[in-house]
Structure formats: C-alpha cells, structure tokens
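Right, one structure below, let's go through it.
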Amino acid sequence: MKVIVCKDYDDMSKKAADLVINNIKYKPQIKLGLATGSSPIGLYENLVKANDEGEISFRYAKSVNLDEYVGIDPDNEQSYNYFMRKNFFDHVSFNEGANIIPKASEVDEKYAKEYDKILDDFGQRDIQILGIGENGHIAFNEPGAMLSKRTSIVKLTESTIEANSRFFENESDVPRYAISMGMADIFNAKTIILLANGKKKHEAVKRLIEDKNISTDLPAGFLSLHPNVYIYVDEEAYRG
Ligand code: F6R
C-alpha cells in the first residue's frame, strides 16, 4: 500500500484525481469502480473540471458503483443513484447506459445475484475508488465474524447508521439495509484508491496502516493483500 499524506481535503482530492486523470488519458475506455459519500466529492469535482477543460473525456469510459440503500427510489435525494448523477454523471460526457449502480427494491438476495452477474459481465475495473467508514468498513462490508466475497444485502451497523444520519433529517430515516459489492469484487480492480479525511477517520486509518494482522473486524485491512493500493489521506486523518 502506498500512503500519500496530503495537506487537507482539497489537496487529497486533487492528488487522487490526478492519478485518475492520467489513467483516463492513457486509456480513454477506462472501467471505473465508484463510491459515494463525502470523501470522493472533491475528486469528482476535479474530474468534472478536467472534463470541462477538455483535458479528458468520459465518452468511452464505463463505471460500476459499490453500493446503494435497499428500497430507495433512484430519484430520492438520499439515494446513491441521485448522488452520483448530481456530483458526477450529469456533468461529464459518459454515454447513455455507461454507469451502473446496484439496486434492490427489498431485502432479497436475488438482487445481489443479479449484481454479481452484472459485475461478471463488466469485468475487471482499471481503478476502484473507495472511502472508509469510521469503523473500517469498505463499501458496506461491515466489521463482523465474516465478510462477503460477493454482492450481498447487508444490515447496516449502528455506527454506520449514525454516521450516515448526517445526510438525513432524522436518524430513523436512514435505511437499515443496503446492497453492497463484496470483498472479492472490490479487489477485482487493477488499482485501488482509498480516500480518508478528517479526524473521525484517524482510528481506522491508523489501524489500516499500522496493524500487523488482518481481521474481519477491520474490513479495509484486507487491502494490504492487494498489490496496487493508493491511500490518499489528509493530515487530520493521518495524525488524529
Ligand atoms: C459509499 C461507501 C461507503 C463510504 C464510507 C465513507 O459508496 O461505500 O463505504 O465510502 O462510509 O463515507 P464518507 O466518505 O461519507 O465518510
């Protein structure tokens, strides 16, 4: 894992975006794995800027997303589908149908199987973007006795519900279930970029970088088994 300590959120977003931009220049038909949440917003802004300035184009690019809440309408402002359109897809030149986001109308593993099939057809991603939960989750692979290899319907932990409640009016409005890409599929990317900023991420980042062992109680820790991981972290997340 390469750890890149950045001054602040803007610096982190810019440096991570530069890596993505260089890859798109080299391979316009790039296959991207994308995340939602506050961590990658600045990175998306930089990609939109590079697209606006004609430095790169998303015309030949494709993407899959990590996760989505169960039972949420894609037009609901809290859905990850809406988030992606608002923060990224609507501002760049992707072709119609180039962006795939998982969906599950209810808690039923059939939706997970459908997404596995979609991921199999999509093939290996060139770059996977990740954030990290305060509890060390990646996508919605939460700490626990076991981690799912492939897509699954997951019950969110109290810690994640609380962290995500900042985007909702009340904590009780946060959906309790999500559909999430599993660990094996997250790993099926040539390069993984993990973004972490702010003091709240310090504990998870410290363990990710320093722990000698890997365990299912820090899902992000498994990234140390991947050959090409870049961790872009700001001073606050790095030093606490
Ligand atoms: C989002 C996702 C989550 C977030 C994580 C950090 O698609 O998969 O694992 O990356 O919860 O969220 P933020 O960036 O909001 O702190």
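Every number for a ligand or one of its atoms is a count from 1 in the order of the listing. Just so you know, these numbers come straight off a predicted model, no measurement behind them.
Each of Ile101 and Ile118 belongs to its own hydrophobic cluster when Ile, Leu, Val, Met, Phe, Trp and Tyr are linked at side-chain heavy-atom distances under 4.5 angstrom.
Protein heavy atom in closest approach to atom 14 (O) of ligand 1: Ser39 OG, 2.5 Å.
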Quick one: side chains of residues 174-183, donor-acceptor pairs under 3.5 Å with protein atoms, not counting sequence neighbours, listed by atom name and distance.
residue: Arg176; atom: NH1; partner: Glu171; partner atom: O; Å: 3.1
residue: Arg176; atom: NH1; partner: Val174; partner atom: O; Å: 2.7
residue: Ser180; atom: OG; partner: Phe140; partner atom: N; Å: 2.9

Scan the side chains in residues 39-48 for donor-acceptor partners under 3.5 Å anywhere in the protein, sequence neighbours excluded, and list what turns up.
residue: Tyr44; atom: OH; partner: Ala35; partner atom: N; Å: 3.2
residue: Tyr44; atom: OH; partner: Ala35; partner atom: O; Å: 2.6
residue: Asn46; atom: ND2; partner: Gly42; partner atom: O; Å: 2.8

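A salt bridge is absent between Asp90 and Lys86: the closest approach of a Lys/Arg side-chain nitrogen to an acidic carboxylate oxygen does not fall below 4.0 angstrom.
Close placement of the Phe88 and Phe94 rings is indicated, their centers lying within 6.0 Å of each other.
Remark: among candidates Asp67, Leu66, Ile41, the nearest residue to atom 2 (C) of ligand 1 is Asp67, based on non-hydrogen atoms. In this comparison of Lys201, His137, Lys200, the heavy atom closest to atom 4 (C) of ligand 1 sits on His137. In this structure, of Gly131, Ala163, Ala139, Gly198, the residue bringing a heavy atom nearest to atom 9 (O) of ligand 1 is Ala139.
Residue contacts with ligand 1 leave out Glu134, since none of its heavy atoms falls under 4.0 Å from the ligand.
Residue Thr36 touches ligand 1 through backbone and side chain together, judged by heavy-atom distances below 4.0 Å. If you look at Ile132 next to ligand 1, the close heavy atoms, those under 4.0 Å, all belong to the backbone. Contacts between Glu142 and ligand 1, counted as non-hydrogen atom pairs separated by less than 4.0 Å, are absent for every part of the residue.
Counted by atom type alone, Asp217 and Ser215 present one or more donor-acceptor pairs between their side chains at under 3.5 Å. No hydrogens or angles considered: nothing links the side chains of Asn65 and Thr36 as a donor-acceptor pair under 3.5 Å.
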For Glu53 and Lys49, run salt bridge (charged side-chain N to carboxylate O under 4.0 Å, His left out): C-alpha distance rounded to whole Å, both residues' side-chain angles, the deciding distance at 0.1 Å, then the answer. CA-CA 6 Å; Glu53 289 169 356; Lys49 186 162 167 276; 3.8 Å; yes

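Near Arg166, meaning under 4.0 Å from one of its heavy atoms, ligand 1 places the atoms 13 (P), 15 (O), 16 (O). The atoms of ligand 1 that sit less than 4.0 Å from any heavy atom of Gly37 are 14 (O), 15 (O).
When only interatomic distances are considered, the shortest N/O to N/O separation between Asn164 and ligand 1 does not fall below 3.5 Å.
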